[in-house]
Undergrad: 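Before I ask anything, let me first share the structure, which is written out below as structure tokens.
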Number of protein chains: 2
Amino acid sequence: MDKVQFTIMTNSRHITGSDIPWYPDGMSDLLERLRTRGWRLTAQRRVVAEVLDGDHVHLTADEVHARAARLLPEISRATVYNTLGELVTLGEVLEVSTDGRARRYDPNAHHAHQHLVCSHCGTIRDVHPVGDPLAALPAGERFGFTVSDVEVTYRGTCPDCSATAA
Amino acid sequence: MDKVQFTIMTNSRHITGSDIPWYPDGMSDLLERLRTRGWRLTAQRRVVAEVLDGDHVHLTADEVHARAARLLPEISRATVYNTLGELVTLGEVLEVSTDGRARRYDPNAHHAHQHLVCSHCGTIRDVHPVGDPLAALPAGERFGFTVSDVEVTYRGTCPDCSATAA
DNA sequence: ATAGTGAATTGGACTTTGTCCATGTCGTGG
DNA sequence: CCACGACATGGACAAAGTCCAATTCACTAT
Ligand SMILES: [Mn+2]
Ligand SMILES: [Mn+2]
Ligand SMILES: [Zn+2]
Ligand SMILES: [Zn+2]
């Protein structure tokens, strides 16, 4: 694993590689891919990418902002929204709306999966149903649509909430 | 089909059966069921029920309010939200969040179905996939959850939007 | 290393969607 | 027809997201 050293300068602060010791492989890959797509590598974008790193998070925009602000206190809400929107457009991050409230951002965009949600506490787990969920929709039920995607949300009660209720 | 005649009086207005000529069978069934569950039959609840009548609508709360207000101008937003919430709790209406924006209310709660959504214009159609979508989630992918429900959202482009784009 | 340029960031105003509450009204049983 | 408690109301509030003009800064060419 190569450590990626870098220096960020803003008018008011200097952030160096020792503040954010290194980028894991997954993220340097992501940043690399984005750079070749013409992205300017700003401190804000790096920090948002770092927060999303690790394939098992499903954070709201405000949660991303809160975590990003621990690394880069002056980052704005608007920039977090902008960056998340761009990542979604580029297909690097998925947007999921499991609860009719805040959208959640899922960096696990390169492995097809579905979600299992606890109706009590909101916990989300990645799950992998067998078979192709698209195949379950017969042609006669497509009404002339070009169907390109399926989202499946399983709902139930997680072990913790089952225990608490008992 | 029996026509249900009634009279509604408020302090400022009188609404009679001739303003809202009759209730279709489906809705008188619904109102009847609600009455036996202890509901007070207010003018507001009747109007919300009428707006939701017809099994093929997926309206937002504000759309329900706008249509209800055409029949009963003084109805408040809070009452529409309250009534929709009660109907959901009673299992008479389903809440669906297909777009991460406003929740939609689906009166087709007594026939299991899923949704096909146009990513461009937001049109929603009821669809009936084959097989039980719950069966596709193996025990090893349930992580101790008690899974009780599945929602499937198919996304694509509707015929109208395909034609426009071409 | 420096400067020019357009892309990115910022904070705050604004919108949409939804909740909450004190007050007043009205549906219903007696 | 009354009394009572459930229901409706509107306005304040909160949460989630968008938009914009002004400023800053990343990158490229010199
Ligand atoms: Mn996921
Ligand atoms: Mn439906
Ligand atoms: Zn739980
Ligand atoms: Zn369409």
Side-chain angles (χ1 to χ4, degrees), chain A residues 6-15 31 34-49 58-66 68-69 71-90 95-105 122, chain B residues 6-15 31 34-49 58-66 68-69 71-90 95-105 122:
Chain A
F6 64 95
T7 300
I8 298 170
M9 281 172 243
T10 72
N11 58 338
S12 58
R13 290 164 51 84
H14 289 249
I15 299 173
L31 291 175
L34 295 176
R35 209 170 52 74
T36 64
R37 295 231 222 174
W39 259 35
R40 290 194 180 175
L41 291 190
T42 67
Q44 292 82 354
R45 286 169 167 178
R46 280 185 226 258
V47 165
V48 169
H58 301 91
L59 301 172
T60 65
D62 271 333
E63 288 165 351
V64 171
H65 179 241
L71 301 168
L72 189 64
E74 62 271 29
I75 193 172
S76 74
R77 250 169 35 97
T79 294
V80 171
Y81 274 101
N82 288 341
T83 305
L84 290 173
E86 288 157 4
L87 289 168
V88 169
T89 298
L90 295 175
E95 215 171 28
V96 298
S97 330
T98 51
D99 60 351
R101 305 185 136 239
R103 300 172 197 168
R104 292 182 173 272
Y105 293 88
Chain B
F6 64 95
T7 300
I8 297 171
M9 281 171 244
T10 71
N11 56 337
S12 57
R13 293 164 47 85
H14 289 248
I15 299 174
L31 290 176
L34 295 176
R35 208 170 53 74
T36 64
R37 295 231 222 174
W39 259 35
R40 288 193 181 176
L41 292 191
T42 66
Q44 292 81 357
R45 285 170 170 180
R46 278 185 227 259
V47 164
V48 168
H58 300 91
L59 301 172
T60 66
D62 270 334
E63 287 166 351
V64 171
H65 180 242
L71 301 168
L72 189 64
E74 62 272 29
I75 193 172
S76 72
R77 250 168 35 97
T79 294
V80 170
Y81 274 101
N82 287 340
T83 304
L84 290 173
E86 288 158 4
L87 287 168
V88 169
T89 299
L90 294 175
E95 216 172 25
V96 299
S97 332
T98 51
D99 60 353
R101 306 183 136 243
R103 300 170 196 170
R104 293 182 172 272
Y105 293 88

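Within every chain, numbering begins at 1; the chains are lettered A, B, ... in the order of the sequence lines, protein sequences first and strands thereafter.
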Undergrad: Under 3.5 Å, is there a donor-acceptor pair between the side chain of S97(B) and the main chain of G100(B)?
TA: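 Not confirmed, S97(B) side chain does not pair with G100(B) backbone.
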Undergrad: Tell me the interatomic distance from L31(A), atom CG, to dC27(D), atom P, rounded to whole angstroms.
TA: 11 Å
Undergrad: Do V48(A) and R45(A) pass the side-chain contact (heavy atoms from CB on, under 4.5 Å) test, and can you show the C-alpha distance, the side-chain angles, and the key distance before you say yes or no?
TA: CA-CA 5 Å; V48(A) 169; R45(A) 286 169 167 178; 5.8 Å; no
Undergrad: Checking side-chain contact (heavy atoms from CB on, under 4.5 Å) against Q44(B), which of V80(B), T83(B), L72(B) comes through?
TA: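 Single pass found, and it is L72(B).
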Undergrad: For L72(A) and dA8(C), give me the distance from atom CG to atom C1', rounded to whole Å.
TA: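 To the nearest whole Å, that distance equals 13 Å.
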Undergrad: Using the closest heavy atom to pick a nucleotide of DNA chain D for each, name whichever of G100(B) or W39(B) lands nearer the 5' end.
TA: W39(B)
Undergrad: Verify, without hydrogens or angle tests, whether H65(A) (side chain) and I75(A) (backbone) share a donor-acceptor contact under 3.5 angstrom.
TA: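 Yes, H65(A) side chain to I75(A) backbone: donor-acceptor pair under 3.5 Å.
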Undergrad: Using atom names, set out every protein N or O paired with an N or O of nucleotides 19-21 of chain C below 3.5 Å, distance rounded to 0.1 Å.
TA:
unit_1: dT19(C); atom_1: O4; unit_2: R77(B); atom_2: NH2; d: 3.4

Undergrad: For the helix from dA1(C)-dT30(D) to dG30(C)-dC1(D), measure the angle between the helix axis at one end and the axis at the other, each built from five pairs, rounding to 10°.
TA: 30°
Undergrad: Can you check whether Q44(B) has a side-chain N or O nearer than 4.0 Å to OP1 or OP2 of dT9(D)?
TA: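 For dT9(D), OP1/OP2 do have a side-chain N/O of Q44(B) under 4.0 Å.
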Undergrad: Roughly, in whole Å, what's the span from CZ in R40(B) to P in dG27(C)?
TA: 9 Å
Undergrad: Nearest nucleotide by nearest heavy atom, which residue falls closer to the 5' end of DNA chain C, G38(A) or D62(B)?
TA: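 Nearest nucleotide further toward 5': that of G38(A).
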Undergrad: side-chain contact (heavy atoms from CB on, under 4.5 Å), that's the test. Do Y105(B) and T60(B) meet it? Break it down for me.
TA: CA-CA 6 Å; Y105(B) 293 88; T60(B) 66; 6.0 Å; no
Undergrad: Check the distance between dA6(D)'s P and L41(B)'s CG and give it to me in whole angstrom.
TA: 16 Å
Undergrad: How would you list, by chain and number, every residue that makes a side-chain hydrogen bond (donor to acceptor under 3.5 Å, both in side chains) with R40(B), sequence neighbours excluded?
TA: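 side-chain hydrogen bond (donor to acceptor under 3.5 Å, both in side chains) list for R40(B), sorted by chain: empty.
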Undergrad: Give a yes or no answer on whether the side chain of R77(B) reaches the backbone of A61(B) with a donor-acceptor pair at less than 3.5 Å.
TA: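 Such a contact is absent between R77(B) side chain and A61(B) backbone.
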Undergrad: Please report the distance, rounded to the nearest Å, between NE2 in H65(B) and P in dG18(C).
TA: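 For the pair H65(B) NE2 and dG18(C) P, the rounded distance is 14 Å.
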Undergrad: Whole-Å distance between dG17(D) P and E86(A) CD?
TA: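 The answer, rounded to whole Å, is 16 Å.
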Undergrad: Once you round it to whole Å, what is the distance between P of dA8(D) and CG of L84(B)?
TA: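 Rounding to the nearest Å, CG of L84(B) and P of dA8(D) are 12 Å apart.
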Undergrad: For R46(B) and dA8(D), give me the distance from atom CZ to atom P, rounded to whole Å.
TA: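 Distance check: R46(B) CZ to dA8(D) P gives 12 Å.
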Undergrad: Taking R104(A) for the side chain and H58(A) for the main chain, is one N or O donor matched with an acceptor at less than 3.5 Å?
TA: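 Side chain of R104(A) to backbone of H58(A): a pair is present.
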Undergrad: Has T42(B) got a side-chain N or O lying under 4.0 Å from the OP1 or OP2 atom of dG27(C)?
TA: no
Undergrad: Specify the closest pair of heavy atoms between L34(A) and L90(A), including all atoms of both residues, with the distance to one decimal.
TA: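 In this case the closest contact between L34(A) and L90(A) is CD2-CD1, 3.5 Å.
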